[in-house]
There are 2 protein chains.
Amino acid sequence: MSLHYAILGFLSHRPLSGYDLKKAFDGSVRHFWPADQSQIYRTLSQLEDRQLVDKAVIEQEERPDRKVYSITAEGQQELVEWLRSPLPMQDERDPFLVQVFFAGLLSNEELLEVLAHQKAEIEGKYELLRHIYQTSSEQIQEQQAGRASLITLLTAEHALVIGQAYLEWLDDLMARVENDDFTPKTF
Amino acid sequence: MSLHYAILGFLSHRPLSGYDLKKAFDGSVRHFWPADQSQIYRTLSQLEDRQLVDKAVIEQEERPDRKVYSITAEGQQELVEWLRSPLPMQDERDPFLVQVFFAGLLSNEELLEVLAHQKAEIEGKYELLRHIYQTSSEQIQEQQAGRASLITLLTAEHALVIGQAYLEWLDDLMARVENDDFTPKTF
DNA sequence: TGCTAATATAAGACTAATCTTATATAGGAT
DNA sequence: ATCCTATATAAGATTAGTCTTATATTAGCA
């Protein structure tokens with residue numbers, strides 16, 4: 001469902017084609033809402049059926065026609081209503097945590113390997129996001145872009161804060177595995 | 001896919017019926033891998049087809065037959081192999097972050113409301129998990145249960161660490177919204 | 001007396017998302 | 001010469017997970 005609103009969100013800035021939208025997703029929100037190309041096109045035609053977007057066909061001789069979508073007044077209204085509405089929490093689904101939960105079946109060495117792999121993955125994701133955050137925050141500040149642009153940075157900030165905590169937990173855990181000491185902590 | 005392995009994981013401790021498994025999921029891993037009752041039964045019969053589990057039918061006069069599943073040698077092997085194997089990272093999907101990303105369309109007051117709601121949700125989840133963590137860590141320590149039991153606590157610990165970071169980010173963000181100051185941070 | 005919860009299983013329909021494949025062309029790189 | 005990338009769209013099949021409904025009985029509560 002959120003894909004509908006994410007698309008409306010992008011279209012609320014400027015009209016875009018399916019192709020443009022795919023690039024917009026990959027370049028900004030993919031770390032918390034990846035979008036499949038095929039699904040974008042399907043969702044666009046659903047939004048069109050519900051008259052939340054308008055389609056403008058721009059004929060091109062050498063390529064398939066560009067179909068540029070723009071948000072309608074109804075679409076804008078539905079988007080803002082959704083943005084305002086408190087959402088029920090999503091349940092998470094993390095196969096890595098399933099591995100950890102049943103890791104009693106592994107030796108400490110095997111467990112350490114799994115943890116080290118996860119650490120590398122999280123670190124990679126973290127570094128990528130840090131780079132994106134830095135360059136785009138500099139860009140936004142140079143251009144003196146407004147409040148709405150600054151707000152888009154907050155999701156990257158969220159990922160960085162969570163990533164840092166994740167890495168601290170992993171480091172602490174790896175140390176405990178090395179000492180073979182799994183004594184519970186207090187919270 | 002992880003549901004297959006999570007079921008095998010539970011069955012590696014002791015034989016269980018579909019009904020038992022549903023309770024086991026709800027009581028321990030549901031915060032990172034919720035399982036639908038219907039899906040558990042379907043997955044059990046798939047595992048049976050692949051001979052990773054054995055079914056023992058216990059006839060009951062007054063109720064539907066209890067079908068108790070136990071893990072086979074092949075099942076145990078596949079489980080341990082999976083536990084050892086480094087998994088590709090999952091992409092997240094968080095509608096709340098979609099809201100934040102496009103929150104430029106909301107006023108500061110509206111945004112604060114959305115954030116306050118999320119804070120309450122996260123706090124609720126956090127308190128629940130803290131309670132579960134405390135009681136079950138005490139229980140495990142009293143019973144002098146072994147390494148495998150202590151390891152199951154680590155996933156709750158993970159959720160608590162992440163939850164804390166999440167709440168700190170939210171608090172900081174709410175303060176900034178109140179001051180209408182969205183200046184980027186440095187990471 | 002009737003309602004609810006617990007025990008126990010499972011099919012059917014549906015939705016969201018992914019993966020694969022198809023069509024069509026231009027321009028640049030090897 | 002040939003291959004890859006970018007542009008541009010979209011149907012088809014499949015998978016994982018959810019939601020609804022069905023069946024059947026007992027025990028306890030109000």
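Order of the sequence lines fixes the chain letters, A, B, ..., with proteins taken first and strands second; residue numbering starts at 1 for each chain. Side chains included, hydrogens not; waters and symmetry mates left out as well; all remaining heavy atoms used.
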In whole angstroms, the gap separating P of C:dA16 from CD of A:Gln90 amounts to 12 Å
Inset, instruction - Examine C:dA10: is either OP1 or OP2 under 4.0 Å from a nitrogen or oxygen in the side chain of B:Lys67? Give yes or no. - result: yes
Whole-Å distance, B:Arg66 CZ to D:dT25 P, equals 19 Å
- Looking only at side-chain N and O atoms, does B:Tyr19 come under 4.0 Å of OP1 or OP2 in C:dT9? no
Rounded to whole Å, CZ of B:Phe25 lies from C1' of D:dT18 at a distance of 15 Å
| said: Do A:Val98 and B:Phe32 make a side-chain contact, defined as non-hydrogen atoms from C-beta onward lying under 4.5 Å apart? | reply: yes
In whole angstroms, the gap separating C1' of D:dT20 from OH of B:Tyr41 amounts to 16 Å
Test: A:Asp20 and A:Arg66 ion pair at under 4.0 Å
yes
Separation of C:dA16 atom P from B:Asp91 atom CG, nearest Å, is 18 Å
From CG of A:Asp36 across to P of D:dA13 the rounded distance in Å is 17 Å
Per nearest nucleotide of DNA chain C, the residue lying toward the 5' end, A:Ala35 or B:Arg42, is B:Arg42
Q) Could A:Arg130 and A:Glu127 be called an ion pair, given the rule that one side-chain N must be under 4.0 Å from one carboxylate O? A) yes
Discussion item. Measuring to OP1 and OP2 of C:dA16, would you say a side-chain N or O of A:Gln39 lies under 4.0 angstrom away?
Written reply: no
**Polar side-chain contact B:Ser38-C:dA11 base: donor and acceptor under 3.5 Å** = yes
So CD of A:Glu157 and CG of A:Leu129: to nearest 0.5 Å the spacing works out to 11.5 Å
In whole angstroms, the gap separating C1' of D:dT7 from CG of A:Asp20 amounts to 10 Å
Note to self: Is the distance from the ring center of B:Phe10 to that of A:Phe102 below 6.0 Å?
What the structure shows: yes
Does B:Arg93 make a side-chain N or O approach to OP1 or OP2 of C:dT18 shorter than 4.0 Å?
yes
Side-chain atoms of B:Trp33 come closest, of D:dG17, C:dT9, D:dA10, to D:dG17
*asked:* Classify A:Ser17 by what it touches in the nucleic acid, base, sugar-phosphate, or nothing, heavy-atom distance under 4.0 Å.
replied: sugar-phosphate
Separation of D:dT7 atom C1' from A:Leu21 atom CG, nearest Å, is 15 Å
